[in-house]
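To start, the structure under review is shown below, and the notes come after it.
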Amino acid sequence: MTLIYGAGSFLMSADRMIKIIILCAMFFSAIVQASTWKDDILYFVMLDRFADGDSTNNQDVDLNNTLAFHGGDLKGLREHLGEIKELGATAIWITPIVQQITHPIGNEEGPFHPHHGYWANDFTQIDPRYGSEQDLNDLVKAAHGLGMKVILDIVYNHVGYGADWEKEKPQWLRAGEQCGGSAVTLCLSGLPDLRTELPEVRQYLFDAHIGLAERTGIDGFRLDTVMHVEHDFWQAHRAEVRKKLGKDFLLLGEVWGADKFTARPYFQDDEMDAIFDFTFSDHILGYLNGLGSAKRLGRYLSRRHDVAAGHLLAPFLSNHDMPTLLAMLRGDVDRYLLAATLLFSVEGMPVITWGEEVGRTGKAWPYNREDMAWRDPAVKPNASWKRNEFIRAKYKALINLRHSNTDLRGHLSSVAYADKDVLALKRGEKTLLLINRSDHGVNWPPELGNSDHWRLAFSSGSDAATSDMISALEARIYIKEHY
């Protein structure tokens with residue numbers, strides 16, 4: 001029997017009401033899922049380049065070789081979580097920690113050891129040079145005690161050069177003439193490519209990585225080389241993750257060069273929660289170098305995050321596979337802080353790469369993977385470059401403002417004013433981002449209305465700005481107090 005619910009002219013069948021209730025539940029579920037990570041700020045650590053907490057596990061350490069191990073490990077990261085917490089980051093992404101190949105690869109820079117973690121030999125073991133599973137447990141427990149999440153970098157696409165699998169399980173690998181023809185069958189950089197289309201390979205990998213997550217309580221995976229693995233693998237992976245780790249476990253994918261369009265195939269079938277936004281840094285660098293106007297940047301920023309509900313883009317300025325943005329800006333701190341202001345003022349999950357917040361200036365590979373610089377000279381490894389505490393103070397101020405201001409994390413974004421050099425971007429209902437790229441001061445644009453209605457909440461400049469004159473190479477964030 002179909003019951004009819006009605007009031008006046010409004011009539012609805014029980015079947016239709018049930019469908020609407022289900023749709024509403026799905027909608028609010030997506031909102032809850034997104035809110036789990038949409039307010040986070042991710043701090044990326046290349047583990048070997050951060051801090052050495054246990055010198056007894058050091059192997060193949062040579063601080064004079066940019067391609068050797070430098071001793072950073074899980075215990076060292078745990079000992080310095082306070083540095084990251086005090087900055088304001090809420091989650092940590094660490095490079096892979098599975099057992100690596102034991103031999104170096106020849107390179108003109110010197111013997112190239114797998115310090116970065118992307119050349120696996122055994123996915124079921126943690127490399128002793130990084131520590132132990134107990135060390136990972138201790139790190140996760142300590143991070144959670146500080147209110148921070150831990151994301152582990154996972155590689156499903158390949159193993160390292162000369163890995164044991166080449167002899168023990170050659171049928172699980174693509175090699176020789178089997179390589180090429182598509183992004184999935186490509187043997188990236190000549191690495192032995194995993195045949196992830198095989199059910200036995202999938203189950204082995206799921207058991208290894210998801211099993212580790214179950215045992216240690218980590219909060220998410222950063223998934224390497226996503227475009228080189230087939231979509232049905234990621235769909236099966238999502239199902240296994242949901243079953244074993246729950247709906248709030250983050251899957252953050254690396255798709256080289258990705259933007260909102262490239263991300264769509266991974267979001268439409270819910271394979272990933274988030275994708276790195278590579279085009280963000282490209283647009284910012286173009287604007288700062290005078291290759292694009294403020295108008296163009298404004299159009300991009302107001303549209304960049306048009307993605308499926310419950311999913312995110314993760315903007316960043318640079319990563320371990322490219323020079324730091326500060327290096328590309330030739331050390332220009334003023335321009336760099338314009339970029340940082342933009343990073344923490346847009347929708348998505350901002351990513352900080354280790355040392356960016358204190359002025360790490362690593363240039364092209366391998367110098368983009370420099371050691372962290374520490375205030376305490378006793379901490380090893382400790383880079384020779386000098387920390388810039390002014391940059392760190394500005395990062396901290398921006399992060400604190402982002403945490404306290406929902407507009408800066410929200411989806412409402414529109415261009416309030418733009419010309420060649422000056423951009424005013426309205427965020428939400430009461431927040432205004434104002435940036436002057438030019439080498440001279442500019443007055444408050446009259447198109448923005450009465451400046452007395454706005455309170456200055458942040459300036460990238462060295463002096464506390466109070467006037468309506470926006471200095472050369474200055475970024476400001478205003479909060480509207482009067483209407």
Side-chain angles (χ1 to χ4, degrees), residues 39-47 49-51 72 76-77 79-95 143 146-151 222 276-277 280-281 284-285 288 314-346 348-363 367-376 379 381-404 408-409 458-462 475 477:
D39 295 335
D40 280 292
I41 292 175
L42 186 57
Y43 190 95
F44 169 40
V45 171
M46 180 167 277
L47 193 59
R49 298 313 203 219
F50 201 64
L77 174 56
E79 291 173 347
H80 294 278
L81 286 175
E83 171 96 3
I84 302 171
K85 172 68 175 178
E86 200 266 340
L87 179 66
T90 59
I92 303 165
W93 150 32
I94 58 175
T95 42
L146 293 172
M148 293 191 292
K149 305 168 185 174
V150 177
I151 299 169
R222 181 268 187 183
F276 289 100
D277 185 357
F280 177 81
S281 59
I284 300 305
L285 183 62
L288 295 178
F316 61 92
L317 299 182
S318 55
N319 64 25
H320 56 307
D321 291 322
M322 59 180 67
T324 66
L325 184 66
L326 187 55
M328 290 188 280
L329 293 172
R330 300 182 180 181
D332 190 326
V333 171
D334 291 334
R335 291 183 191 276
Y336 181 65
L337 287 175
L338 298 188
T341 306
L342 286 161
L343 176 66
F344 297 112
S345 300
V346 298
M349 181 170 54
V351 182
I352 306 165
T353 296
W354 82 98
E356 283 183 331
E357 79 282 10
V358 286
R360 186 165 67 86
T361 55
K363 298 181 181 178
Y367 304 102
N368 59 340
R369 298 178 177 181
E370 296 166 302
D371 299 330
M372 183 65 174
W374 298 99
R375 300 184 189 95
D376 182 356
V379 180
N382 205 330
S384 58
W385 54 273
K386 186 178 179 181
R387 288 171 62 104
N388 188 318
E389 298 294 347
F390 176 71
I391 294 178
R392 190 176 191 278
K394 293 297 182 181
Y395 262 68
K396 185 177 176 181
L398 283 165
I399 291 170
N400 286 339
L401 184 58
R402 182 180 179 88
H403 284 322
S404 64
L408 294 176
R409 309 190 302 270
F458 171 82
S459 169
S460 66
S462 56
I477 299 175

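Numbering of residues begins at 1 and proceeds along the displayed sequence. The shown structure was predicted, so the numbers you read here are calculated from the model rather than taken from an experiment. Values reported hereafter were calculated over all heavy atoms of this structure, with side chains retained and with hydrogens, waters and symmetry mates removed.
At least one side-chain heavy atom of L343 sits less than 4.5 Å from a side-chain heavy atom of F280. Between M372 and V379 the shortest side-chain heavy-atom distance does not fall below 4.5 Å. Between T361 and Y367, the closest side-chain pair of non-hydrogen atoms is not below 4.5 Å. Side-chain contact check for L325 versus Y336: some heavy-atom pair is nearer than 4.5 Å. Counting only heavy atoms from C-beta outward, the side chains of L288 and D332 never approach each other to under 4.5 Å. Annotation: side chain of R49 is not in contact with side chain of T95 (no heavy-atom distance under 4.5 Å).
Between F316 and the choices M349, E356, M322, the side chain to side chain contact (heavy atoms under 4.5 Å, CB included) rule is met once, by M322. Applying side chain to side chain contact (heavy atoms under 4.5 Å, CB included) to F344 and the options I477, I399, L401, L408 leaves one that passes, I399.
In this structure, the separation between CG on L398 and CG on L337 is 8.0 Å, given to the nearest 0.5 Å. Note that the CZ atom of R392 and the CD atom of E83 stand 4.5 Å from one another [nearest 0.5 Å]. Here the OG1-CZ distance, from T324 to R360, works out to 6.5 Å after rounding to the nearest 0.5 Å. Atom-to-atom distance recorded for K363:NZ and N368:CG is 12.5 Å, nearest 0.5 angstrom. If you take CG on L77 and CD1 on I84, they are separated by 5.5 Å, rounding to the nearest 0.5 Å. The CG atom of L342 sits 4.5 Å away from the CD1 atom of I284 when rounded to the nearest 0.5 Å.
When only modelled atom types and interatomic distance are considered, N319 and T353 share no side-chain donor-acceptor pair under 3.5 Å.
Checked by atom type and distance alone, the side chain of H403 pairs as donor or acceptor with a backbone atom of G88 at under 3.5 Å. Of the possible polar contacts, none joining the S281 side chain to the S318 backbone as a donor-acceptor pair under 3.5 Å is found. The closest donor-acceptor contact from the side chain of K394 to the backbone of S459 lies under 3.5 Å. Side-chain atoms of T90 come within 3.5 Å of backbone N or O of I41 as a donor-acceptor pair.
Between E357 and I352 the shortest heavy-atom distance is OE1-CG2, 3.9 Å. Across every non-hydrogen atom of V150 and A143, the tightest pair is CG2-CB, 3.6 Å. Nearest heavy atom pair, residue A327 against residue G362, reads CB-O, 3.4 Å. The minimum heavy-atom distance between P381 and G72, with the atom names listed, is CD-N, 4.2 Å. The minimum heavy-atom distance linking S460 with T341 is given by the pair CB-OG1, 4.1 Å. Scanning both residues, R387 and W374, for their nearest heavy atoms gives CD-C, 3.8 Å.
A salt bridge does not link R402 with D40: none of the charged nitrogens is closer than 4.0 Å to a carboxylate oxygen. Using a 4.0 Å cut-off between a side-chain N of Lys or Arg and a carboxylate O of Asp or Glu, K396 and E86 qualify as a salt bridge.
Remark: aromatic rings of F44 and W354 are close, center separation under 6.0 Å.
Summarising the local packing, CZ of R375 is surrounded by more than 12 heavy atoms from other residues, nucleotides or ligands at distances under 6.0 Å.
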